[in-house]
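Here's the structure, in structure tokens; my notes come after.
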Amino acid sequence: MSNVNRSTCRLSVVSLVFALLAGCASAPVRSGGPPALTAQETAVVSQGLTDAAVRYTGQVTGTANGVIERADYELVSDGQVIKTGTAKLGVPFAPGTPADFSFEEKSAYVKSPEDLTRLSAQGGTVLIALRGTLVVRTGDTEDILPFAASRAVRVPRLPEVIVEGLDGARYSPEEVQLNLRLGVRNPNPFPLRLDSLTYQVFVADKPLEEGTVAQADTVDASATGVYPVEVSVTQQTWGPGVKALIAKGTLPYSVKGEVKGPMLQQPYTLKGDVKLNVSR
């Protein structure tokens with residue numbers, strides 16, 4: 001082979017090597033190890049009697065430019081999966097610089113009225129968790145990072161209906177006015193939504209008054225909502241023996257009904273005696 005041909009061959013080989021190197025340099029290359037989840041926590045944003053909003057916050061650190069694409073997750077309450085979902089994130093990160101991300105989920109963590117009653121009787125706390133996998137992309141490489149973080153919250157507790165106040169004013173030997181104040185006590189550290197509070201008032205076993213209060217109302221956290229009810233005890237409402245009843249100076253009464261709300265339909269019965277005052 002001539003010197004010219006050998007030189008031409010060597011140049012062709014060198015050109016091919018440079019072409020291959022140039023082609024490799026144009027493709028993204030990840031140096032170092034894969035990205036890692038370096039911090040995480042779950043926080044309860046809001047809580048109600050039957051549902052809660054939960055925020056998961058995490059931090060990813062990588063050795064090359066990349067992006068946290070999405071989170072595929074499960075919302076878990078008391079060890080049971082109650083909801084699944086996907087959160088699109090699209091959070092970029094640079095080499096060695098932690099990237100923060102977060103997403104929220106809201107769902108009912110109580111499955112039924114029976115479940116609510118069970119949790120209320122159980123007391124204590126319940127774990128609410130977000131767990132799943134993060135999809136992280138670095139160049140052409142996709143990494144799957146598992147995550148899980150939980151937070152203990154107080155279990156929801158059923159409200160209590162009480163007699164917040166009751167007095168009886170005697171206007172005549174045959175007329176008494178009862179001023180009843182029904183209370184709905186909320187033992188929870190969050191507001192309690194009510195649909196209604198029904199009542200039926202009895203005096204000496206005779207029904208005198210019934211109705212509904214607290215419609216579409218909210219009782220503040222660790223507070224008592226008070227709802228007034230007026231009851232007239234007269235010959236027209238109670239019957240011909242009302243004078244002898246009032247003369248005793250004390251009236252036996254009872255109240256029964258239901259307090260209703262989301263997944264809540266709780267009956268109540270209250271009984272007692274009211275001492276009559278003389279009206280001014």
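When all heavy atoms are compared, the tightest approach of Lys88 to Arg70 is CA-CB, 4.3 Å. Here the closest non-hydrogen pair linking Val259 and Pro159 is CG1-CG, 4.4 Å. Of all heavy-atom pairs spanning Pro189 and Ser222, the tightest one is CA-OG, 4.3 Å. Closest heavy-atom contact between Gln200 and Pro207: NE2-CB, 3.8 Å. Between Leu37 and Phe147, the shortest heavy-atom distance links the atoms CD2-CB, 3.6 Å.
Between the side chain of Thr42 and the backbone N or O of Ala149 there is at least one donor-acceptor pair closer than 3.5 Å. With hydrogens and angles disregarded, a donor-acceptor distance shorter than 3.5 Å links the side chain of Tyr109 to the backbone of Gly48. Not one N or O on the side chain of Glu142 forms a donor-acceptor pair closer than 3.5 Å with the backbone of Val135. With hydrogens and angles disregarded, a donor-acceptor distance shorter than 3.5 Å links the side chain of Asn186 to the backbone of Phe190. The backbone N or O of Pro113 sits less than 3.5 Å from a side-chain atom of Thr117, completing a donor-acceptor pair. With hydrogens and angles disregarded, no donor-acceptor distance shorter than 3.5 Å links the side chain of Lys260 to the backbone of Asp195. Looking only at distances, no side-chain donor or acceptor of Gln235 sits under 3.5 Å from a matching main-chain atom of Glu174. Checked by atom type and distance alone, the side chain of Thr50 never pairs as donor or acceptor with a backbone atom of Ala108 at under 3.5 Å.
Note on Met263: it clusters hydrophobically with Leu194, by side-chain heavy-atom contacts below 4.5 Å among ILVMFWY residues. No chain of hydrophobic side-chain contacts below 4.5 Å, direct or via other Ile, Leu, Val, Met, Phe, Trp or Tyr residues, connects Tyr73 to Val76. A chain of hydrophobic side-chain contacts below 4.5 Å, direct or via other Ile, Leu, Val, Met, Phe, Trp or Tyr residues, connects Tyr253 to Leu245. Following chains of ILVMFWY side-chain contacts shorter than 4.5 Å, one can reach Val201 starting from Val213, so the two form part of one hydrophobic cluster. Clustering ILVMFWY residues whenever any of their side-chain heavy atoms sit less than 4.5 angstrom apart, transitively, puts Tyr171 in a cluster other than the one holding Val229.
With rounding to the nearest 0.5 angstrom, the CG atom of Asp72 is 7.5 Å from the CD1 atom of Ile144. Between the NZ atom in Lys83 and the OG atom in Ser77 there is a gap of 13.5 Å [rounded to 0.5 Å]. Rounding to the nearest 0.5 Å places CG of Leu127 at 8.0 Å from CG of Asp78. Taken to the nearest 0.5 Å, the CZ atom of Phe202 stands 4.5 Å off from the NZ atom of Lys256. Note: Tyr227 OH to Leu197 CG = 7.5 Å, rounded to the nearest 0.5 Å. Rounding to the nearest 0.5 Å gives a distance of 10.5 Å between CD of Glu164 and CG of Leu180.
Counting only heavy atoms from C-beta outward, the side chains of Asp273 and Pro252 approach each other to under 4.5 Å. Under the 4.5 Å side-chain criterion, counting only non-hydrogen atoms from C-beta, Ile246 is not in contact with Trp238. For the pair Val153 and Val126, the minimum side-chain heavy-atom distance is below 4.5 Å. For the pair Leu116 and Pro156, the minimum side-chain heavy-atom distance is below 4.5 Å. Proximity of Asn188 to Arg154: side-chain heavy atoms (C-beta onward) are nowhere separated by under 4.5 Å. Inter-residue side-chain proximity for Arg131 and Val81 is flagged as met; some heavy-atom pair is nearer than 4.5 Å. The shortest side-chain heavy-atom distance between Asp217 and Val184 does not fall under the 4.5 Å cut-off. Under the 4.5 Å side-chain criterion, counting only non-hydrogen atoms from C-beta, Pro35 is in contact with Thr138.
Tested against Val176, the residues Thr234, Val274, Leu251 include a single side chain to side chain contact (heavy atoms under 4.5 Å, CB included) partner, Leu251. Each of Leu130, Thr86, Thr57 was compared with Phe103 under the side chain to side chain contact (heavy atoms under 4.5 Å, CB included) criterion, and only Leu130 meets it.
In the model, Glu258 has no side-chain atom that pairs as donor or acceptor with a side-chain atom of Thr198 under 3.5 Å. Between the side chains of Ser196 and Thr212, no donor-acceptor pair of N or O atoms lies under 3.5 Å.
By the neighbour-count criterion of 12 heavy atoms within 6.0 Å, atom CZ of Arg181 is densely surrounded, having more than that number from other residues, nucleotides or ligands.
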